[in-house]
Amino acid sequence: MSGLVDWERRLLTIRANIATGNIEKLFGEEYIVIDLLKVLYEDSLDASSKVELLVLLESYGGYGGIQSSSVDQIIASLLDVFHQYSGRTEGQSLFLEQLLLTITTLLVQYDQLDGDIFKRSFEAILNVATSPSNVADTKRLRSCACQCLIQFEEWLPGCLWKEKETLRKILKLERSDVYQDYLLLVVKVVEHAICNRSNGNGSPGVNSANGNKLDRQFSSEPQEMRQMVSMVMENVAVLTPSGLWHIVLSLVNFIHNLPEMSAMIFKPLMLHHMATMDISTLHLVLYLQREFEKEVLTEGEEKQLIQRLLTSISHPSLSPAHRLFVCHWTRHHSLSCDEGTYLLPTVMAERYRLCFFPSVFDPPDCQLAKLCLFNLCFPPLPEEPSGVAAALLLGSVGYLHKLVWHTGSDRVAVVLFRALFHMYQRHCSKSFSQDINRFLRGLISGFPYFIPHALDFIECLRNTTPDSPVYTEILSLLHHQVVTTPEDQAAAYFYFYLQVMKSASLRTEIEPKSTVKFLSYLAEHSIMIDDGSWLLGNGILSVIQNLLVCHGTEDLYLAVGDLLFYMMTYYRDMDVRDKSLFLYALLTSSTDEKIRGLLRTMSRAQSVHEALSTILPGALDKNKGQIIVLDMPIFSLDRTDMTAEIDKTASAEEQSEADGTVEDYIQRLQKCSSFLTASYSLSLTNDKLEKVLAVTVHIDTEDTLEKVKDIHISRLEKKESHLVTLAISPRKPLPCHCHVWIEFLDGKQTYKCQTEAVTLTLEDFLLPLQTDLSGGGASDLFDLIWQWCTNNNDQDDGNIPGIESVKVLHMSLSEFTERTNQKLHRYKVSDTDNTGIDIRTQLSDEENRKIFGKCNNPYGHGHNYSVEVILRGPVDPVTGMVMNLTDLKKFMNNHKSVEIHNFVSGSFHLVHASYDHFSAALALVKELD
């Protein structure tokens, strides 16, 4: 008695351990199973506690309490307990049932299906199942035994075939609700027999050498199996719907594995259940009709079955699940194919078309099922649908559309998108795409959180009709709606809008500048929108990555660069800033091809490593960072235009120079900076190269110029010219010659070569006069400047400052003389001819002092000048020279030092006197020769 009390306490402990999850540790003890089996023999322990102990043994015995070597002993003990209580069913029925279940579970779980203990257990359970049906209180026990035998037959097919006559007799005598269990057992036995025969195994009759294995036999006679099937079919009417469902699965195998079976054997079952309201039973009828079309039911009976389906679609007493089931079978049971296009039968489509029209009382799933059937009632409409068919199709989604607008439900929206997809898939015309655009425009504007569904929808459209422009049209519509959305709405639904941007950035047909502008707004207001979150930042960077891959950098370089610079500088999340820095470095140092190649492989770490090695210096290849200098140029750099301009910063002083002073004019000029805009055409001249990448044009500037920025070109193909514009800022307006180097990428190697130099002449630096002379104020301006030159005496040494101006005139000397005589006669200081008469002798001392300053010294005043002699003349046809260079050299050596007296200093008089001297000397040389 004390032992039982201890077990009651232990049972309480076990329940507590189950609640806390520590039951495995308890059953890991060495003698727990032995103690448990001892308790099962005690009559004083109530049956419910014993059942609980058996369930524990079955569920947790594998954690250590039951070993494979001791399974036979445990099952033998359980059989002894079963035999001890089998004669006393009163109050012990539940305990006996659990004993059978535990024995069966242990045999199957530990694969003990071929020994003596299995044979003993099988015979014990079979005796219970075949015991007389008139024994009181044994129905549940016999039902449990049938379920155990079904498991044995499942694991050892054919082990019950030799008991078929016994089971047949029991079926004839059984009148209780256990009949269904016996029928399920017989069906399982027949199923295995039919399947074994179809596999060609015949009757194996396997017997073990020691006689302990159970005999497994099958019949090879089709007649015998047909009799068993006929017996099953005659009694299916007494089965419950759940029991009949298990029969359906076995009937499927009967149909597939016994060709000799006549399909007419199923006709009573189909006629009996044709009008049933049970789903499983109706499913059996429809399945048999599908398998044996025109073999079981007559044409009239088949029409009755279809009519039954159609009337059940909108039956108010049926559940939504039942109506969905009916719609499914209506769609797949009656479809016909006409040249690859599926249609409902003509009679069904015309007579029962309105049965498929959704009603306001249908749940969303039923509406979708009806819409699919309604859509199949019409053949594909033409490109421009019109008439009743188009109106009915568009009106059929009206209830769903209103339901979405009034509820904002995601589930209803998905149903609407699925209905539109089925409609467009069948009638993919321009008119329907416009209607779809209209639906989406309203939905997305009112419910931005439908965007993921809309994107999935148009992706399905693209996969279905890849040649149709509907995907790009709808995506462009969504993109336009996003970029024009109000700022407060953009901040509230940024996550959904970024999904549209991510898809739109992959399409080259959609203009990307508005996308960058929208992203810039999100980045600049990230603190206010989402507190600078990681989610927002990575969403923006994902769109930028797509833009760089699909659109390149030529048009987006500045906009994307500014956005990335802002994010890597001011964005709050450090991970986003690091990624922005990486993309910025990639943008500013790589070509489009490199950027695409790297960003397309960002999903694989190894590929990213390999892609990075092509752009980072000193990567895997030791020759990767070397630049090969080519001896011959492969590019042509041709000058197309050169413009000298003034950058006016003092725009406030816009007045005529005739109304101001020279000092004001000089101050204005000092506030202006001049620059040259040089345009060159760059082309590839090497015939062996089809294209080059990452072209960089570098100008070696002299000290007289500011440094010119390098020009970067992502791609240059053969027979293609690229316009290169150079902004040149001169420090001094002196002629110069600048070398040009071009670096480019061919394959994975970088090359460098020299091309035509950029040459700047004095003429390139000439600027227009920075005043408006169109009103005739040239004379007044010149009078003002002349007065300033002759009267300004601010120098400490008393010298009068002057102004020198150089201008290249495209005219002859005679034209120049005529023009100066007309316009500048009043400003002429002196008239001198080539005799070198000193003009100072014709002026007064006061005038000489004002004009010539210290050069007016009466005792003489000298200057040293270096003169460069340039010869020009006709070419001697005999010698091919203008003058013999030997004679010229001898002449120049004889005239290294020349003194010219009575000479007024000044560049004009210097050139005049030098020309007179050397031309006379050269003429004398020629005469002497």
Side-chain angles (χ1 to χ4, degrees), residues 282 286 289-290 293-294 299-300 302-316 318 320 322-403 412 414-436 438-439 457 460-461 464-465 468 470:
L282 183 61
L286 294 170
Q289 171 61 18
R290 181 82 171 187
E293 187 175 2
K294 303 184 183 305
E299 184 177 353
E302 185 175 352
K303 289 182 179 180
Q304 291 180 2
L305 179 60
I306 295 176
Q307 186 176 1
R308 173 64 179 169
L309 282 174
L310 297 176
T311 55
S312 299
I313 288 178
S314 300
H315 201 287
L318 297 179
H322 197 157
R323 280 182 279 172
L324 282 175
F325 171 79
V326 172
C327 290
H328 171 81
W329 268 107
T330 303
R331 181 179 181 182
H332 293 281
H333 180 73
S334 305
L335 282 179
S336 62
C337 183
D338 183 15
E339 297 181 356
T341 302
Y342 286 94
L343 290 169
L344 291 177
T346 304
V347 176
M348 182 187 299
E350 295 178 355
R351 183 176 180 180
Y352 298 99
R353 177 183 299 169
L354 294 181
C355 293
F356 306 139
F357 199 91
S359 68
V360 69
F361 300 104
D362 289 326
D365 292 334
C366 290
Q367 289 199 37
L368 177 62
K370 285 186 174 182
L371 284 171
C372 293
L373 290 171
F374 190 72
N375 191 34
L376 292 174
C377 293
F378 302 93
L381 298 180
E383 182 66 23
E384 297 293 339
S386 60
V388 179
L392 287 174
L393 284 171
L394 295 177
S396 61
V397 297
Y399 290 130
L400 276 178
H401 189 235
K402 292 179 180 178
L403 191 61
V412 181
V414 171
V415 172
L416 175 60
F417 282 122
R418 291 182 63 184
L420 292 175
F421 171 73
H422 288 298
M423 186 177 296
Y424 181 82
Q425 189 180 25
R426 186 170 183 81
H427 313 284
C428 49
S429 62
K430 183 177 180 180
S431 175
F432 272 102
S433 65
Q434 294 174 352
D435 293 324
I436 291 173
R438 177 169 52 85
F439 275 116
F457 167 68
C460 292
L461 292 184
T464 303
T465 54
S468 175
V470 64

With rounding to the nearest 0.5 Å, note down the distance linking [atom1] in [X] to [atom2] in [Y].
X: H401; Y: L394; atom1: NE2; atom2: CG; result: 12.0 Å
X: L310; Y: K303; atom1: CG; atom2: NZ; result: 13.0 Å
X: L461; Y: Y424; atom1: CG; atom2: OH; result: 6.5 Å
X: L373; Y: H422; atom1: CG; atom2: NE2; result: 10.5 Å

Report task. For the pair I313 and C355, evaluate side-chain contact (heavy atoms from CB on, under 4.5 Å) and give the outcome as yes or no after the intermediate values. Result -> CA-CA 7 Å; I313 288 178; C355 293; 5.6 Å; no
Query raised in the report: Taking C-beta and beyond as the side chain, do V360 and L403 meet within less than 4.5 Å on heavy atoms?
Result: no
Report summary line: In C377, S396, C372, the residue satisfying side chain to side chain contact (heavy atoms under 4.5 Å, CB included) with F356 is C377
**Report entry** Residue from D362, L368, L371, L420 passing side chain to side chain contact (heavy atoms under 4.5 Å, CB included) with L400
**Finding:** L371
Of all the heavy-atom pairs spanning [X] and [Y], show the shortest one and how long it is.
X: S312; Y: L318; value: O-CD1, 3.3 Å
X: Y399; Y: P358; value: CE1-O, 3.2 Å
X: L392; Y: F374; value: O-CE2, 3.6 Å
X: V326; Y: L309; value: CG1-O, 2.9 Å

Requested in this report: Check for a donor-acceptor pair, side chain of R323 on one end and backbone N or O of A369 on the other, with a separation under 3.5 Å.
Outcome: no
Requested in this report: Give a yes or no answer on whether the side chain of N375 reaches the backbone of R426 with a donor-acceptor pair at less than 3.5 Å.
Outcome: no
Query - Verdict with reasoning, M423 to V397, per side-chain contact (heavy atoms from CB on, under 4.5 Å) - result: CA-CA 10 Å; M423 186 177 296; V397 297; 3.9 Å; yes
Report task. Walk me through it: do T464 and F421 pass the test side-chain contact (heavy atoms from CB on, under 4.5 Å)? Result -> CA-CA 10 Å; T464 303; F421 171 73; 3.3 Å; yes
Query raised in the report: Taking only residues two or more places apart in sequence, or in another chain, which ones meet R308 in a salt bridge (charged side-chain N to carboxylate O under 4.0 Å, His left out)?
Result: none
Query - Under 3.5 Å side-chain donor-acceptor pair for K370 and S359 - result: no
**Report entry** Verdict with reasoning, W329 to L282, per side-chain contact (heavy atoms from CB on, under 4.5 Å)
**Finding:** CA-CA 10 Å; W329 268 107; L282 183 61; over 6 Å; no
